[in-house]
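Letters A, B, ... mirror the listed sequences (proteins, then strands); counts begin at 1. The model shown is predicted, which means the values in this text are computed figures rather than measured ones.
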Amino acid sequence: MPTGEELTEERRLKRDRLKQGGTEPYPYGFPDRTPMASVRQELQGQAPGGELSGVVRRVAGRLLTVRQHGKTAFLPLRDQTGELQLFLRVDDLGEDAYRQVLETIDPGDLVGAEGVPMVTRRGEPSVRATSVVLLAKSLRPPPEKWHGLQDTEARLRQRYVDLLSSAETLRRFEARSALVTEMRRYLGSQGFMEVETPVLGRVASGGLAHPFLTHYRFLEEDFRLRVALELPLKRLLVGGFERVFEIGKVFRNEDLDADHSPEFTMMELYWAYADYTDVRHLVEGLTEDLAKVAAPFLSKEEAEARVRDFTPPYPTIDYVEALEKESGIPDLVDLPRERLVALARECGAKVHEGMSHGAALDKVFGHYVEAKLDRPTFVLDYPVETTPLAKRHRSKPGRVERFELFYKGIELGNAYSELNDPDDQEARFREQLPPPSRTGAHEEEEAYAYDEDFVEALRYGMPPAGGLGMGVDRLLMAMLGASSIKDIILFPPTRAKAGNTTPSPASSAGPSK
RNA sequence: GGGCCUGUAGCUCAGUCGGUAGAGCAGGCGGCUCUUAACCGCAAGGUCCAGGGUUCGAAUCCCUGCAGGCCCGCCA
C-alpha cells in the first residue's frame, strides 16, 4: 500500500494482529543483552559453518531488512556497536513461531532475539535464533536501505532518522562525545576545575556579537543570553579559584552557515599566575591529545594527517609582520582609520563608515593572512584596539599579549594575557563604545558591552592570568574533518515549516532591523 | 543581505521539444531451507513544494512565495 499513510496503516495492522494474538508489541525491556560487537568478537576465528555450541546469547537492535528464503530467513540487526544478522530456520523456531515473526515484522522495527552464535557457510557471523520478539513496532518505514536518507533538510529536521539509518552519522556524534569527554579529562589532569556560570544576564559581554533577548518574569527585566563565558570566569579568579574552565552553550543572534551556528558550544579557561605563553603550550598539549582521540574515528590516511598536523610545536607568526608581509603594505597597522576602512572595502569586506580602526584591521587581516593558515599556526600579539580584554604587551608598544590558533583557514582558539588593571579595563571598554552620534540599537549590541560589575571585581585585584576561548564545534570540525558545523551539531536550528510558526513574545523584543 | 542551484511515490532518483507520470528500494499477494542491495512472478501506489499567469493543453515556460544547499559578505 503505497502512500505514506497506507504504509503506516499496514504496520498498525500487523501490530494489532500481534496484540490480538496476546503478544505485547511494546514490551518493557530486554534484559541480559549482549552487544553485537561482543558477539562478533566471540565468533572471531570460528570457521564457516561452525557455532558456539552450548552458548546462548540475547541480542537486540533495529531490523535493517528481511531476506527470506521460504523456510529460512536472514534478519540483519543493528545496535549502537554494530550489525549482526539473525539466522532464522523453521527447524529452530517451529512453523507457527517462524510464520508469525515473518508476518508481523518490518524493516525499522526494534527486535530482540535469543540464540546460538554461529558463522554461516558463507562466513557471515550470525545468531541462529531460537526465539525472536518484537521490542517496538516502527510505524514509519525507514529510508531506502542502500542510499539512506539523502535529503539534507530531512537529515537536520529529523536527525533521529538520520541517526537510525546512518551508522556513519551515529559514529560522528559518538566521536563528538568522546572528544568533549577527553577535553574535560585533559583539563582536569592539568588542575583545572569545571564550573557553571549563568546563561542569562543583564549585559552580554566578553565578545563582539548581537545577543538574544529574553524576559525574566520574576525579576521583571529584559535579560540577554550570554555571547561568551569570559567575564564570570574571571570574577572567579578574583574570588580565589586559580584554574577554572567552562564548557557551555553561548548564543549569538547572527547568521547560520557552514561554520557558524547562532547557538554553539564554547570552552573557556582561566589560569591564575600564568600568561599567554603558558596557555599556548597548554593549547598545544590539548590539541595534540584530542587529535589522537579523534584518530580512531577517521580513515587511516586522515588519522595520520591529523596526528601529524597536531604534533607540537606549532609555528608562530607575528600579527603585524605577517600582515605587512602578506599585504605588501609597509606600516599598514599605523594607517589612519579612514584608510584602513577603505582598504577593508577593497578586500571585499562589508564595512560601515563608523567602523573602528581595530575592526577594519581585523577585516584586512582576515583577507590577507587568516585564509592562508593551513597547518596549526599561532598568530601573536594583536594591535591593542582589536582586543579590549587583553593586557598590553610587555615589550611591543601598541599591542596586546594575545594569540589566535588557526587551522585550515579557520580560527580554533583565542587567548590573552588577561587584562587585570581595572582603570585600563574601564578605559578600554569606553573606547569600544560607539560615539553617541551613531548610537543605534544595532551598533550598540555589537560593541563589547560595558560590564560595570566586572570592572568593580577587578578593583578588588585579579591575579595575573592567562585565558583561552575555543569554539568547541569548530575544533571538532577540524579534528573530525567535517565541512559543515551542522554535521557536528545534533539538532541545528532550522526555519519553521510554512504555516507552522509559533508566535513568540520575545521576537518583538529583538533588535529591529 | 547578494548570486547560483534544488524541491516529482514512504525513501533514492529519471522525466526529451509543452501533449496528460516512470524506475529501483520499501509495502501487498504468491514461490523459494545459507542470504549479503538475496532472487523469481503478479498486482497496486502521485497535492509533480505552494499560489498565480501564459497556453487548446504545464512536472516542463513566466511571476511571486516557502524550504533547503552552495558561493560571497560576517560574528567563533
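In this structure, B:G41 forms a base pair with B:C29, meeting either the Watson-Crick or the G-U wobble geometry with both donor-acceptor distances under 3.5 Å. B:A23 and B:U12 make up a base pair, with Watson-Crick or G-U wobble contacts both under 3.5 Å.
Side chain A:D151 to base B:G7: no donor-acceptor pair is found below 3.5 Å.
Using atom P as the reference point in both B:A59 and B:G22, the two lie 13 Å apart (nearest Å). Comparing B:G7 with B:U12, their P atoms are spaced 13 Å from each other, to the whole Å. Comparing the C1' positions of B:U16 and B:C32 gives a spacing of 41 Å, expressed to the nearest Å. Remark: the separation of the C1' atoms in B:G46 and B:G10 is 12 Å, to the nearest Å. Separating the C1' atom of B:A58 from that of B:G19 is a span of 10 Å, rounded to the nearest Å. Comparing the same atom, P, in B:A50 and in B:C40 gives a spacing of 35 Å after rounding to whole Å. With C1' as the reference atom, B:C17 and B:U60 are 10 Å apart, rounded to whole Å. The C1' atoms of B:G15 and B:G24 are separated by 15 Å, rounded to the nearest whole Å.
Using a 4.0 Å heavy-atom distance criterion, A:G471 is classed as making no nucleic acid contact. A:T65 comes within contact range of the sugar-phosphate backbone alone, with a heavy-atom separation under 4.0 Å but no base atom that close. Across all strands, A:L156 comes closer than 4.0 Å only to sugar-phosphate atoms, never to a base (heavy-atom distances). The residue A:T120 sits close to a base: some heavy atom pair falls under 4.0 Å. A:E5 comes within contact range of no nucleotide atom at all, as no heavy-atom separation falls under 4.0 Å. Within the 4.0 angstrom heavy-atom criterion, base atoms lie near A:D91. Contacts of A:G148 with the nucleic acid, taken as non-hydrogen atoms under 4.0 Å apart, involve only primed sugar atoms and P, OP1 or OP2. Using a 4.0 Å heavy-atom cutoff across all strands shown, A:E411 reaches sugar-phosphate atoms only and no base atom.
Contact between the side-chain N/O atoms of A:K145 and the OP1/OP2 oxygens of B:A26 is found at a separation under 4.0 Å.
Ion pairing between a basic and an acidic side chain is recognised when a charged N comes within 4.0 Å of a carboxylate O; A:E51 and A:R128 show such pairing.
Within the cation-pi definition used here (under 6.0 Å to the ring centroid, within 45° of the axis), A:R402 does not qualify as a partner of A:Y416.
The distance between the ring centers of A:W271 and A:F245 does not fall below 6.0 angstrom.
Considering only side-chain atoms of A:R11, the nucleotide from B:C74, B:G68, B:A26 that sits closest is B:A26.
In this pair, A:Y407 and A:F310 present their aromatic rings tilted. The plane angle is within the 30 to 60° band.
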Starting from the C-alpha separation in whole Å, work towards a yes-or-no answer on salt bridge (charged side-chain N to carboxylate O under 4.0 Å, His left out) for A:K391 and A:E418.
CA-CA 5 Å; A:K391 204 166 191 154; A:E418 300 297 335; over 6 Å; no
